[in-house]
Amino acid sequence: MDRPERDKLGHVTGPLMLVDSAGLWFRSFYALPDSLTAPDGTPVNSVRGFCDMLAKLITDRRPSRLVACLDNDWRPQFRVDALPSYKTHRVAEEDPDVEDVPDTLSPQVPVILQVLDAAGIATAEAEGFEADDVIGALADRERTDPVEVVTGDRDLFQLVRAEPQVRVIYIGAGLAKAQDFGPEELAEKYALSPQRAGADYAEMAVLRGDPSDGLPGVPGIGEKTAAKLITQFGSLDALLRAAADGDARLTSRVRTKLAESAGYLAAAPAVVNVVRDAPVVMDRESDAVPAAPDLDRLRELQSSWGLGASVDRLIAALEG
């Protein structure tokens, strides 16, 4: 196994890794069978998958710092106020403030948090904000180490930047098929400007919409057209000004579509854009990858919840 690089003083120089924790435990839940259970019969497929994914990330990418970022509010009121359709399809029928989560996943989340605590891995959240905002705030203020954001959510592509470096490790097709995006890779994939690839992506997403988040987008404007319009005019604001001014570079059809969606276009950026100054709170002072986890607690969790070799692999990754 490759060791992380060290500077002249012997300090580890790996990246700061920011993990979209809910994304990992949802992905683990659906990837592994619920026949993986604790001694009392409680499914632990998500816990085991989460531990395995975290172990592989640590082993393969060798971060020097690691933060598991959490949703304090999966559907913040400020986003619902801006766009009432935001995530409505995920709302539990009996309570509009509760996410519709599978019954066998909810009990596993506290176990995952116990494992993270025993392992000594930092967690972070911000009251009234999503994990995306926590990740955005931590990435935006980092000035020491390069940042790697691990997520299956394309919304976080907006965070990529060249200096100080922020890259997105996109696991939408699974960890084995992870894609590594910086500004150049993002610009190439979506035909965006390399100089403002992250901002371009967010503004393209506003135009395109995202049914998975309840964003309707501008009818008749798909991803390729959205990217072309944003790069041609330089920004969403510039595009809308051009449309209002009757710019000849825009067809009458596009101008009409933009005008008819004026209300949506005014509200959507507040939903799509991550909050870069969210009031993030860490559960511990250091976000360094722990070299000496609490083995007694981890072994106790391993035994009581039947976590098997998944915990062994996590310990090996941390100690490796």
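The first residue of the sequence shown is numbered 1, and numbering continues consecutively from there. A quick note: this is a predicted structure, and the numbers were derived from the prediction, not measured. Just so it is clear, the values below take in all heavy atoms, side chains as well, and ignore hydrogens, waters and symmetry mates.
- Between Glu130 and Lys87, at least one side-chain N (NZ, or NE/NH1/NH2) sits under 4.0 Å from a carboxylate O, which counts as a salt bridge.
- Using modelled atom types, one side-chain atom of Asp71 and one backbone atom of Ala131 make a donor-acceptor pair closer than 3.5 Å.
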### Task
Let me see the working for Glu163 and Arg143 under salt bridge (charged side-chain N to carboxylate O under 4.0 Å, His left out), right down to the final yes or no.
CA-CA 9 Å; Glu163 291 295 337; Arg143 292 293 180 270; over 6 Å; no

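- Transitive grouping of hydrophobic side chains (ILVMFWY, heavy atoms separated by less than 4.5 Å) keeps Leu215 and Met204 in distinct clusters.
- Here Ser304 contributes atom OG and Gln114 contributes atom CD; the two are 7.5 Å apart, rounded to the nearest 0.5 Å.
- Closest approach of Glu127 and Asn72 over heavy atoms only: CA-OD1, 3.3 Å.
- Side-chain N or O atoms of Glu142 include one that pairs as donor or acceptor with a backbone N or O of Asp145 at under 3.5 Å.
- Asp245 contributes no side-chain N or O that, together with a main-chain N or O of Asp247, makes up a donor-acceptor pair within less than 3.5 Å.
- In this structure, the separation between CZ on Phe26 and CZ on Phe50 is 12.5 Å, given to the nearest 0.5 Å.
- There is no path of hydrophobic side-chain contacts, each under 4.5 Å, that joins Phe78 to Val134.
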#### Entry: Test log, rule side chain to side chain donor-acceptor pair (under 3.5 Å), inputs Thr151 and Asp153
CA-CA 5 Å; Thr151 184; Asp153 186 349; 5.2 Å; no

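- In Gln232, the CD atom is crowded: over 12 heavy atoms of neighbouring residues, nucleotides or ligands sit closer than 6.0 Å.
- Nearest approach of Ser286 to Ala122, heavy atoms of both residues: O-CB, 3.8 Å.
- A donor-acceptor pair under 3.5 Å links the side-chain atoms of Asp210 to the main chain of Ser212, judged by distance alone.
- For the residue pair Ala227 and Leu192, the shortest heavy atom distance occurs at CB-CD2, 3.9 Å.
- Classification of Arg276 and Asp133 as a salt-bridged pair fails, no side-chain N sitting under 4.0 Å from a carboxylate O.
- Between Ile230 and Leu207, some side-chain heavy-atom pair lies under the 4.5 Å cut-off.
- Environment of CD in Glu300: sparse, with no more than 12 heavy atoms of neighbouring residues, nucleotides or ligands closer than 6.0 Å.
- Put simply, the side chain of Pro43 does not reach to within 4.5 Å of the side chain of Phe29, judged on heavy atoms.
- The hydrophobic cluster containing Leu116 also contains Leu57, counting ILVMFWY residues as joined when their side-chain heavy atoms lie under 4.5 angstrom apart, directly or transitively.
- The shortest side-chain heavy-atom distance between Leu16 and Glu148 does not fall under the 4.5 Å cut-off.
- Atom OG in Ser310 sits 15.0 Å away from atom CH2 in Trp305 (nearest 0.5 Å).
- Salt bridge Glu223/Arg208: present, at least one basic N to carboxylate O contact under 4.0 Å.
- Listed here is the closest heavy atom pair of Leu265 and Pro269: O-CD, 3.1 Å.
- The shortest side-chain heavy-atom distance between Leu229 and Ile221 falls under the 4.5 Å cut-off.
- Without hydrogens or angle criteria, Gln179 side chain to Ile169 main chain gives no donor-acceptor distance under 3.5 Å.
- Within the model, atoms CD1 of Ile112 and CG of Leu24 stand 9.0 Å from one another, a figure rounded to the nearest 0.5 Å.
- Salt bridge present: Asp117 and Arg284 bring a charged side-chain N and a carboxylate O closer than 4.0 Å.
- Rounding to the nearest 0.5 Å places CG of Asn273 at 11.5 Å from CG of Asp132.
- Look at Asp20 and Arg27 and you find no salt bridge, because none of the NZ, NE, NH1 or NH2 atoms lies under 4.0 Å from a carboxylate O.
- With hydrogens and angles left out, the side-chain atoms of Gln108 and Asn45 include a donor and acceptor closer than 3.5 Å.
- Remark: the backbone N or O of Phe129 is not paired with any side-chain donor or acceptor of Asp73 at under 3.5 angstrom.
- With salt bridges taken as basic N to acidic carboxylate O contacts below 4.0 Å, none links Glu184 and Lys189.
- Between Asp213 and Arg79, no side-chain nitrogen of the basic residue sits less than 4.0 Å from a carboxylate oxygen of the acidic one, so the salt-bridge criterion is not met.
- Phe157 has its ring centre less than 6.0 Å from the ring centre of Tyr170.
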### Query
Are Val111 and Val44 close enough, and set up right, to give a side-chain contact (heavy atoms from CB on, under 4.5 Å), and what steps lead you there?
CA-CA 9 Å; Val111 182; Val44 290; 5.7 Å; no

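- A side-chain N or O of Thr42 and one of Asp40 form a donor-acceptor pair less than 3.5 Å apart.
- Clustering ILVMFWY residues whenever any of their side-chain heavy atoms sit less than 4.5 angstrom apart, transitively, puts Ile315 in the very cluster that holds Val289.
- Residues Pro219 and Ser261 are in side-chain contact: their nearest non-hydrogen atoms beyond the backbone lie under 4.5 Å apart.
- In this structure, Leu66 CG and Arg61 CZ are separated by 12.5 Å, a value rounded to the nearest 0.5 Å.
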### Query
Could you walk me through whether Leu314 and Val115 pass the side-chain contact (heavy atoms from CB on, under 4.5 Å) check?
CA-CA 10 Å; Leu314 179 58; Val115 169; 3.9 Å; yes

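- Among all heavy-atom pairs drawn from Cys69 and Leu138, the shortest one is SG-CD1, 4.1 Å.
- Distance alone, capped at 3.5 Å, is enough to place a donor-acceptor pair between the Glu203 side chain and the Leu236 backbone.
- Using modelled atom types and a 3.5 Å distance limit, the side chains of Asp34 and Thr104 yield no donor-acceptor pair.
- Contact check for Val254 versus Lys257: no side-chain heavy atoms found under the 4.5 Å cut-off.
- Placement of Leu54 and Leu18 in two distinct hydrophobic clusters is found when ILVMFWY residues are connected by side-chain heavy-atom separations under 4.5 Å, directly or transitively.
- No hydrogens or angles considered: nothing links the side chains of Ser235 and Asp237 as a donor-acceptor pair under 3.5 Å.
- At least one donor-acceptor pair closer than 3.5 Å links the side chain of Ser46 to the backbone N or O of Trp25.
- Side chains of Leu240 and Phe233 form no contact here, defined as non-hydrogen atoms less than 4.5 Å apart.
- Between Thr88 and Arg75 there is a side-chain heavy-atom pair separated by less than 4.5 Å.
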### Task
For side-chain contact (heavy atoms from CB on, under 4.5 Å), just list the numbers for Leu307 and Arg299, CA-CA rounded to whole Å, side-chain angles, deciding distance to a tenth of an Å, and then say yes or no.
CA-CA 9 Å; Leu307 302 180; Arg299 294 300 185 195; over 6 Å; no

### Message
Walk me through whether Arg167 and Glu185 qualify under side-chain contact (heavy atoms from CB on, under 4.5 Å).
### Response
CA-CA 10 Å; Arg167 303 184 67 86; Glu185 292 82 4; 3.1 Å; yes

